[in-house]
Structures are given as structure tokens and as C-alpha cells.
Amino acid sequence: MIYFSGEVAALSAACLWSIASVVYSQLGARIPPLQLNLIKGIIAIALFVFTILARGDLFPSIATLPMCLLLLSGVIGISLGDTLFFNTINSLGARRALLMQTLTSPMSAIFGLFFLQEKLNALAWCGILVTILGVAWVVSERTADVKNISIGEFKKGIVFGLLTAIAGAIGAVLSRSAIADTIISPLWAALVRLSAGTLILLIWKLSRKQASFRHDNFLNSRVILGTFFAAFCGTYLGIWLQQTAIKLTSVGIASTLLQTSPLFVIPFAILMGEKVSIRAILGVFISISGIALLFYL
């Protein structure tokens, strides 16, 4: 099992993200996306700091450029990307929001082509096309739950989902560039990224005219427990495992396995009463097959 620690970390992160996304979809009706993103970031930072102190893990020496890339990765991938993701969940639901996130991998490859001069062969381009077709096939399905969404809300969700994938891809490329050849641990990498993203969110929140929190939402114990649980699973454990996977296994394997959240969320969607069609399940497998084709063949 130790030989597959990176792969296990990636699959565990994907599973935890699916669980957290289902909880966030329920919290989204009570808490605005920006506020929810800021709160879960603060909770996760406290958990990371406690873990680091308990482990006695001293901050490693890291060059200025990798540190700046890691900080920028957190700003784009977490502060912007996660806020957009919560908006996507509110518009399309957790299952479709997670499916649209599978576009992050092909977009990462495209950004790598332009900014890192990484070559893409014909099979890689086929993988990008297959992933996009799989996502489009599922998202365009007019099931009962989609019919209850207005056309304007549906289009807004698609735009938010695409922007989420773009932000996630940029954040992933910057993070990989920062930690690939450094001694920084996944725990510290996760804390640095999260701290940068949360700080920007705090500044963003305070700079808005309506900077006050909606405290009435947190008078409900279920909301408090749900927020803490989602932050613990999706942000604290999820980001830590994500950085572990990137550190311990190849980029292709990590990227593919980290994007399997739509598979894990299907049972939760069924348990919550959502009708999941055969087309939706096949579309998820098609999208993930496209990602695998992108990186392996």
C-alpha cells in the first residue's frame, strides 16, 4: 500500500470533496458563496496550524519564486476558484458542479502548453475533446431537476462552472511549478495556499459596502456543524491530501484520480432523492476516460 500512497491520497481527496460538496449545496441556501468560502478557509487554517504545532513541523526554507507561485496559486485557485465553485453549486447542484470541475485537467494541459511549453500529442487532444463531450452530454440533459432551474440560472451556472475550471487549472499549474522541486511538505504547501486565498477573501469582504456577516445563519446548530464538517473534510483533509498526491505520484495520475469526485457523489445524490440517469453515469465515465487518455496514452 505504501507504493500507492499518492494514488490513495488522490482518491481519498476526491471522495471527501464529493461529501463536502453535498453539504455545501445545503449550506448555500443560507450562506452567500463569498462568506461561506471565507468561513471554511478560517476553520481549515486553524486546523492546519494545530496540526503543524502538534507535529512540530518547522517551516522549510523555500526560494522566493516558488513561494510567490504558491501564494498566487492560493489566491487564484482558492479565493477565486472556490467562490465560483460555490456559485456553481447554487445554480446547478453538487453533482453537475463537480462534473464541470473535470474540465480543470484538460485546461491545465492547455495552460501547460502555452505557459510551460509542454507538448500535447494527438491522443492528448483527443482526451481533451472526450472530456468536454462527456461533460456537455451530461450537463445538457433535461432531467426533472434541471427543468426546475430557470434558463438564466442554468446559463449562469455553466459560466460559473467554466470559470471555476479555469481558476482551478491556473492554480494547479502554479502549485505544481512551486512544489515540484522543493522540500516543502504537502502540509505546509496546503497551509500557505489556503492562507493566501483566505487573506484575499477577507480583504475582498471588508472592501465591499455590505461587509457585515449574516450572523443569524449561525444561530442554527445544524448550520454550524455542517460548515465545520464540510471545512474539515473538503478543505483541511482535501487540500492536504491533494498536495500529498501531487508530491508523491506523477502529475497525470494525481490529476486523473483527483477528478473522480463525480463518481463518488452519485450515490449521495441518489440517497438525497435525485434521479440519476444512465446517461449521467455514462457521461461521468466518459469524462474521466478522457482525462485518463489525456495523461496516460
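Judged by distance alone, with hydrogens and angles left aside, the side-chain atoms of Thr131 form a donor-acceptor pair with the main-chain N or O of Ser287 at under 3.5 Å. With Thr102 contributing its side chain and Leu99 its backbone, the two residues share a donor-acceptor pair below 3.5 Å. A side-chain donor-acceptor contact under 3.5 Å links Thr104 to the backbone of Gln101. Put simply, the side chain of Ser261 gets close to the backbone of Ala14: a donor and an acceptor are under 3.5 Å apart. No donor-acceptor distance shorter than 3.5 angstrom exists from the side chain of Asn37 to the backbone of Leu80, with no hydrogens or angles considered. With Ser18 contributing its side chain and Cys15 its backbone, the two residues share a donor-acceptor pair below 3.5 Å. Put simply, the side chain of Arg95 never gets that close to the backbone of Ile266: no donor and acceptor are under 3.5 Å apart. Remark: the backbone N or O of Gly171 is not paired with any side-chain donor or acceptor of Ser175 at under 3.5 angstrom. Side-chain atoms of Trp17 come within 3.5 Å of backbone atoms of Gly234 as a donor-acceptor pair (strictly under, hydrogens ignored).
Hydrophobic clustering (side-chain heavy atoms under 4.5 Å, transitive across Ile, Leu, Val, Met, Phe, Trp, Tyr) groups Ile76 together with Leu65. Both Ile132 and Ile166 are assigned to one and the same hydrophobic cluster, defined by single-linkage of ILVMFWY side chains at heavy-atom distances under 4.5 Å. Following chains of ILVMFWY side-chain contacts shorter than 4.5 Å, one can reach Phe232 starting from Trp240, so the two form part of one hydrophobic cluster. No single ILVMFWY cluster, assembled from side-chain heavy atoms under 4.5 Å apart, contains both Phe264 and Leu258. Clustering ILVMFWY residues whenever any of their side-chain heavy atoms sit less than 4.5 angstrom apart, transitively, puts Ile43 in the very cluster that holds Leu53.
No option in Thr260, Leu98, Val135, Leu263 other than Leu263 meets the side chain to side chain contact (heavy atoms under 4.5 Å, CB included) test with Val284. Results of the side chain to side chain contact (heavy atoms under 4.5 Å, CB included) test with Ile42 over Leu202, Leu201, Thr198 single out Thr198 as the only residue that passes.
Closest approach of Gly41 to Leu194, counting heavy atoms only: O-CD2, 3.9 Å. Contact between Ala167 and Gly81 at its shortest, heavy atoms only, is CB-CA, 3.7 Å. Residues Ser79 and Gly197 share a closest heavy-atom pair of CB-O, 3.1 Å. Scanning both residues, Leu16 and Cys233, for their nearest heavy atoms gives CB-O, 3.6 Å. Nearest heavy atom pair, residue Ala97 against residue Thr88, reads CB-CG2, 3.7 Å. Between Gly238 and Ala13 the shortest heavy-atom distance is O-CB, 3.7 Å.
Ile52 has its side chain within reach of Trp188: a pair of non-hydrogen atoms, C-beta onward, lies under 4.5 Å apart. Proximity of Phe85 to Ser21: side-chain heavy atoms (C-beta onward) are separated by under 4.5 Å at one or more points. Side-chain contact between Thr64 and Met67: absent, with no pair of heavy atoms (C-beta onward) separated by less than 4.5 Å. The closest side-chain heavy-atom distance from Tyr236 to Thr51 is below 4.5 Å. Side-chain contact between Leu34 and Leu38 is absent, with no heavy-atom pair separated by less than 4.5 Å. You'll find the side chain of Ile78 stays beyond 4.5 Å of the side chain of Thr83, heavy atoms only. Looking only at side-chain heavy atoms (C-beta outward), Leu47 and Thr235 stay at 4.5 Å or farther from each other.
Gln242 contributes atom CD, which lies 13.0 Å from atom CG of Leu237 (distance to the nearest 0.5 angstrom). For the atom pair Leu174 CG and Leu69 CG, the distance stands at 6.0 Å (nearest 0.5 Å). Note that NZ of Lys155 is 15.0 Å distant from CZ of Phe160, once rounded to the nearest 0.5 Å. Within the model, atoms CD1 of Ile286 and CH2 of Trp137 stand 5.0 Å from one another, a figure rounded to the nearest 0.5 Å. The distance from the CD1 atom of Ile39 to the CD1 atom of Ile224 is 10.0 Å, given to the nearest 0.5 Å. Here the CZ atom belonging to Arg193 is positioned 11.0 Å from the OG atom belonging to Ser195, to the nearest 0.5 angstrom.
No more than 12 heavy atoms of other residues, nucleotides or ligands lie within 6.0 Å of CZ in Phe229, so this atom counts as exposed by the packing criterion.
Side-chain polar atoms of Tyr24 and Thr227 form no donor-acceptor pair below 3.5 angstrom.
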Just do the side chain to side chain contact (heavy atoms under 4.5 Å, CB included) check on Lys40 and Asp82 with the steps written out, would you?
CA-CA 10 Å; Lys40 63 92 172 168; Asp82 284 2; 2.6 Å; yes

Could you please spell out the steps behind the side chain to side chain contact (heavy atoms under 4.5 Å, CB included) verdict for Ile158 and Met100?
CA-CA 8 Å; Ile158 297 297; Met100 292 205 68; 4.0 Å; yes

Evaluate the criterion side chain to side chain contact (heavy atoms under 4.5 Å, CB included) for residue pair Asn87 and Lys156; output intermediate values, then yes/no.
CA-CA 9 Å; Asn87 277 286; Lys156 185 169 69 173; over 6 Å; no

